[in-house]
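I have placed the structure first, in the form of structure tokens, so that the comments after it can refer back to it.
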Amino acid sequence: MNAPERPSNVIWDVTYACPLRCVHCYSESGRRPGRQLDRDGMLRVADAIVELQPEGVALAGGEPLVVRDIFDVAARISGAGIPVVLYTGGWNLTAPMVERAGEVLAQVIVSLDGATAGVHDRIRGRAGSFDAAVRALTLLDDAAGQARAGDARALPFGIDCVVVRSNLHEIEDMCRLAGRFPSLGALSFAPAVPAGLASRPGFVAHELLSDEQADVFADPAERLRLQTLVPASVQVSCTDNRFLQMHPDLIAQGVVFPVMQVEPDGAVRGLPIYEGTVGDLRSDPPLQVWQRAVARWSDPFITETLRPARTFAQWAEATRSIDLHFGSAEVRARIERRPALTVAHASGTGR
């Protein structure tokens, strides 16, 4: 494999603070300290990211909109000519935020995991989260419409849906819901990745898609079918997310996911969805940190653990092993404290 000299994209989880408690959260945001930096610290990390010259940067979390200086950080990166996309649950999005976002962001993506409040709120772990997401989409849609009416740039926005067993039946209704927002540009569907809370045995048993269910989202025919259910202005995308596994057989073939995953305080994960860091953008040369991350892809423990993982359930088991092996003592303690997911949780009849 010819390792990429620099990451194609950077995902920066700017905080682990979050008003939601999503059952599939890979970072367990809202259940752990936020670890976000102050303004100067965040700008230092932003400068390090700019030095890497990625094709794009995603600001995620946690909920990035709880970070007071988030738009200053975005401006620092976009001002260097690098497009910035922000992912939000929409809980606290306001009209002034939308206006500021239009100045510094290339796109806003709102997470929506159901076509109804009952389904979405259970997955996202907080009553009212569906209404908040729809309200955020309405704000973005109204602002885009007003911008176009005045011949100004409209901020592109989209919807991202994490697919689990309990919302699989609402996929078509999600497409129809997209028609409520005339300026919506994108709608994406992808199975929950068996990482973080989604690697728990209970989640695997009750919510993680089967391999057959996930295969559907890798079939171009399914994307075309869903495309017929949305307005022509909305681009539907689907993936089975298997590329995120970083399976050694695929890496050997040159099929890699060359993305740098940055934690809130500037620490960089060796592999995007797995625990274990390889450096810090506040203190280490950015390209050197990237080289350490690439080296982690072929670490013997990684290759030996991932090579037998052919199913989603096996992938979840491999994730748990990798996280315990490379995670710090704090990470291992957090894993031990994870709440079990039972049938009652999955069906919404228990807590």
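Predicted model, so just to flag it, every value in this text is computed and none were measured.
Screening residues 15-74 for ring-ring contact (aromatic ring centres under 6.0 Å, His included) gives no qualifying pairs among residues at least two apart or on separate chains. Every pair passing salt bridge (Lys or Arg N to Asp or Glu O under 4.0 Å) that includes a residue from residues 266-287 is listed here, sequence neighbours excluded: Glu263-Arg269, Arg269-Glu275, Glu275-Arg334, Asp280-Arg282, Asp284-Arg292.
Residues passing the side-chain hydrogen bond (donor to acceptor under 3.5 Å, both in side chains) test with Asp173 are Arg176, sequence neighbours excluded. Partners of Arg242 under the salt bridge (charged side-chain N to carboxylate O under 4.0 Å, His left out) rule, at least two apart in sequence or in another chain, are Asp211, Asp215, Asp240. Here Asp47 pairs with Arg76 under the salt bridge (charged side-chain N to carboxylate O under 4.0 Å, His left out) rule; sequence neighbours left out.
Annotation: cation-pi pair Arg296/Phe301 absent, no NZ/CZ under 6.0 Å from the ring centroid and within 45° of its normal.
Test Arg126, Arg124, Arg165 against Asp113 for salt bridge (charged side-chain N to carboxylate O under 4.0 Å, His left out) and you get one pass: Arg124.
Classification of Asp72 and Arg100 as a salt-bridged pair holds, one side-chain N sitting under 4.0 Å from a carboxylate O. One finds no salt bridge joining Arg320 and Glu317 here, because no Lys/Arg side-chain nitrogen approaches an Asp/Glu carboxylate oxygen to under 4.0 Å.
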Query raised in the report: Can you list the steps and then say if Phe257 with Leu271 is a side chain to side chain contact (heavy atoms under 4.5 Å, CB included)?
Result: CA-CA 9 Å; Phe257 181 54; Leu271 291 96; over 6 Å; no
Query raised in the report: Are Val23 and Leu197 close enough, and set up right, to give a side chain to side chain contact (heavy atoms under 4.5 Å, CB included), and what steps lead you there?
Result: CA-CA 7 Å; Val23 297; Leu197 292 177; over 6 Å; no
Query raised in the report: When you look at Phe181 and Ser233, which way does the side chain to side chain contact (heavy atoms under 4.5 Å, CB included) test go after all the steps?
Result: CA-CA 10 Å; Phe181 311 105; Ser233 57; over 6 Å; no
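Side-chain heavy-atom separations under 4.5 angstrom define the hydrophobic clusters, and the remaining members of the one that includes Leu250 are Val255.
When side chains are defined from C-beta on, Met174 counts as touching Ile159, because their heavy atoms get closer than 4.5 Å.
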